[in-house]
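Computed from a predicted structure; not experimentally measured.
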Amino acid sequence: MRKAIFYMIISTFSFSLMNSFVKYLSDFPTFEIVFFRAVGSLVLGTSYILVMGIPILGNKRKLMVMRALAGLTAMSLFFMSLQYLPAGTAVSLRYMAPIYAAIIAVFLLGEKLKNVQWFLFLLAFSGVLVLKGFDKELNSTGLVLVLSASVFSGLVYVLIRKIGNSDHPLVIVNYFMFIATVVGGLLSIKDWILPIGLNWIRLLSLGLFGFFGQVFMTKAFQIAKTNMVAPLKYIEVIFTILIGVTWFGDVYTLWSCVGILMIVTALVANVIVGRKT
């Protein structure tokens with residue numbers, strides 16, 4: 001479990017940096033950002049796989065394609081939501097995903113949850129209601145987009161666990177990146193904006209940060225239970241809020257902080273309870 005926690009800390013910090021750059025690049029079309037996010041990781045992943053002689057097609061191919069499609073949908077919806085929400089708020093809402101992941105895992109993987117975990121999940125949902133009900137500045141379109149993204153992210157977690165150790169983490173990530181590159185590239189052609197100057201570096205860095213985030217997240221889910229690892233994604237909320245306030249001057253209302261705190265507290269508590277499951 002310690003190794004899984006270490007992997008998730010690396011993963012969440014990498015994703016926090018990626019999210020911050022996506023927010024900065026919000027003037028670019030969503031699918032162009034998806035393309036750059038994916039193509040950089042695809043190049044890195046494919047190169048490593050070929051150098052190390054890892055079978056690039058893997059074993060559980062249907063599951064990996066399903067994981068890739070679910071991941072692409074989640075990523076696209078989340079990037080869209082960043083046009084309407086502060087990065088920290090978007091991340092905290094997206095990571096309602098562990099709730100969906102844990103519930104789905106009960107039915108698909110036969111994992112068990114304690115009664116107190118259901119209470120903690122209810123507390124997390126209450127945090128969302130606080131955000132929406134009391135923070136009048138929270139954009140409804142962004143809320144719908146990011147909550148939809150969280151459902152698909154939850155499905156991703158469960159599919160990774162279903163794949164298990166039968167395939168190398170990089171192969172699983174590579175399926176995702178290949179499909180995202182193709183789909184993102186095709187859908188961005190019509191509205192393509194040519195990057196200028198430092199925006200090339202910012203766009204290309206998405207693939208680097210995303211690559212490390214995906215690889216270490218996948219490794220964590222392969223070696224630990226879904227309902228124990230998934231809530232650790234909430235560390236990303238803290239990283240992203242700090243970056244958002246420092247770099248972008250994001251402002252959070254009192255109710256935003258209360259709602260986010262409720263969500264994070266519930267999911268962290270679930271990690272502690274889940275260790276005894």
Side-chain angles (χ1 to χ4, degrees), residues 8 11-12 14-23 26 29-42 63-85 87-105 108 124 128 141-163 169 172-185 187-188 206-207 209-218 220-221 226 229-237 240 263 267:
M8 287 302 287
S11 172
T12 54
S14 297
F15 280 130
S16 297
L17 291 173
M18 184 191 74
N19 294 336
S20 298
F21 276 92
V22 170
K23 179 72 174 177
S26 59
T30 297
F31 287 106
E32 184 173 350
I33 295 176
V34 167
F35 170 77
F36 277 103
R37 155 70 181 91
V39 71
S41 294
L42 179 63
L63 282 175
M64 288 192 286
V65 170
M66 291 173 61
R67 178 263 182 271
L69 293 174
L72 172 60
T73 304
M75 180 169 64
S76 300
L77 290 170
F78 176 65
F79 286 176
M80 290 177 189
S81 75
L82 287 173
Q83 299 175 14
Y84 303 94
L85 301 171
T89 301
V91 170
S92 66
L93 288 170
R94 181 188 183 185
Y95 292 122
M96 293 298 291
I99 295 178
Y100 302 121
I103 294 173
I104 294 171
L108 294 186
V128 177
T141 300
L143 179 64
V144 171
L145 287 169
V146 76
L147 289 179
S148 299
S150 72
V151 174
F152 285 97
S153 292
L155 180 58
V156 166
Y157 299 160
V158 175
L159 288 171
I160 291 174
R161 182 66 176 162
K162 186 74 173 176
I163 294 168
I172 300 172
V173 172
N174 229 40
Y175 267 75
F176 175 26
M177 293 301 102
F178 174 76
I179 290 178
T181 297
V182 173
V183 175
L187 294 180
S188 65
L206 299 179
F209 295 137
F211 176 77
F212 284 107
Q214 283 291 336
V215 169
F216 284 100
M217 183 188 76
T218 300
F221 275 98
T226 302
V229 176
L232 292 174
K233 288 290 292 176
Y234 272 77
I235 299 172
E236 185 177 341
V237 177
T240 304
I263 295 170
L267 273 296

Determine whether a donor-acceptor pair (N or O, by modelled atom type, separation under 3.5 Å) exists between the side chain of S26 and the backbone of K23.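 Yes; at least one donor-acceptor contact below 3.5 Å.
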List the atom of [X], the atom of [Y], and the distance in Å for their closest heavy-atom pair.
| X | Y | result |
| --- | --- | --- |
| F35 | T181 | CD1-O, 3.5 Å |
| R37 | F211 | NH1-N, 4.2 Å |
| A38 | A180 | CB-CB, 3.5 Å |
| S41 | G207 | OG-O, 2.6 Å |
| A70 | L159 | CB-CD1, 4.5 Å |
| L77 | S148 | CD1-CB, 3.8 Å |

Worked verdict on T141 versus Q83 for side chain to side chain donor-acceptor pair (under 3.5 Å): CA-CA 10 Å; T141 300; Q83 299 175 14; over 6 Å; no
Less than 4.5 Å apart, any side-chain heavy atom of [X] and any of [Y]?
| X | Y | answer |
| --- | --- | --- |
| V34 | S76 | yes |
| V156 | F152 | no |
| N19 | F78 | yes |
| F31 | M80 | yes |

I'd like to know whether CZ of F178 has more than 12 heavy-atom contacts from other residues, nucleotides or ligands below 6.0 angstrom.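 At most 12 heavy atoms, drawn from other residues, nucleotides or ligands, come within 6.0 Å of this atom.
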To the nearest 0.5 Å, tell me how far [X] [atom1] sits from [Y] [atom2].
| X | Y | atom1 | atom2 | result |
| --- | --- | --- | --- | --- |
| L145 | L82 | CG | CG | 10.0 Å |
| I163 | Y175 | CD1 | OH | 9.5 Å |
| L63 | I172 | CG | CD1 | 9.5 Å |
| F15 | T240 | CZ | OG1 | 11.0 Å |

Does Y157 form a side-chain contact (heavy atoms from CB on, under 4.5 Å) with R161? I'd like the steps, not just the answer. CA-CA 6 Å; Y157 299 160; R161 182 66 176 162; over 6 Å; no
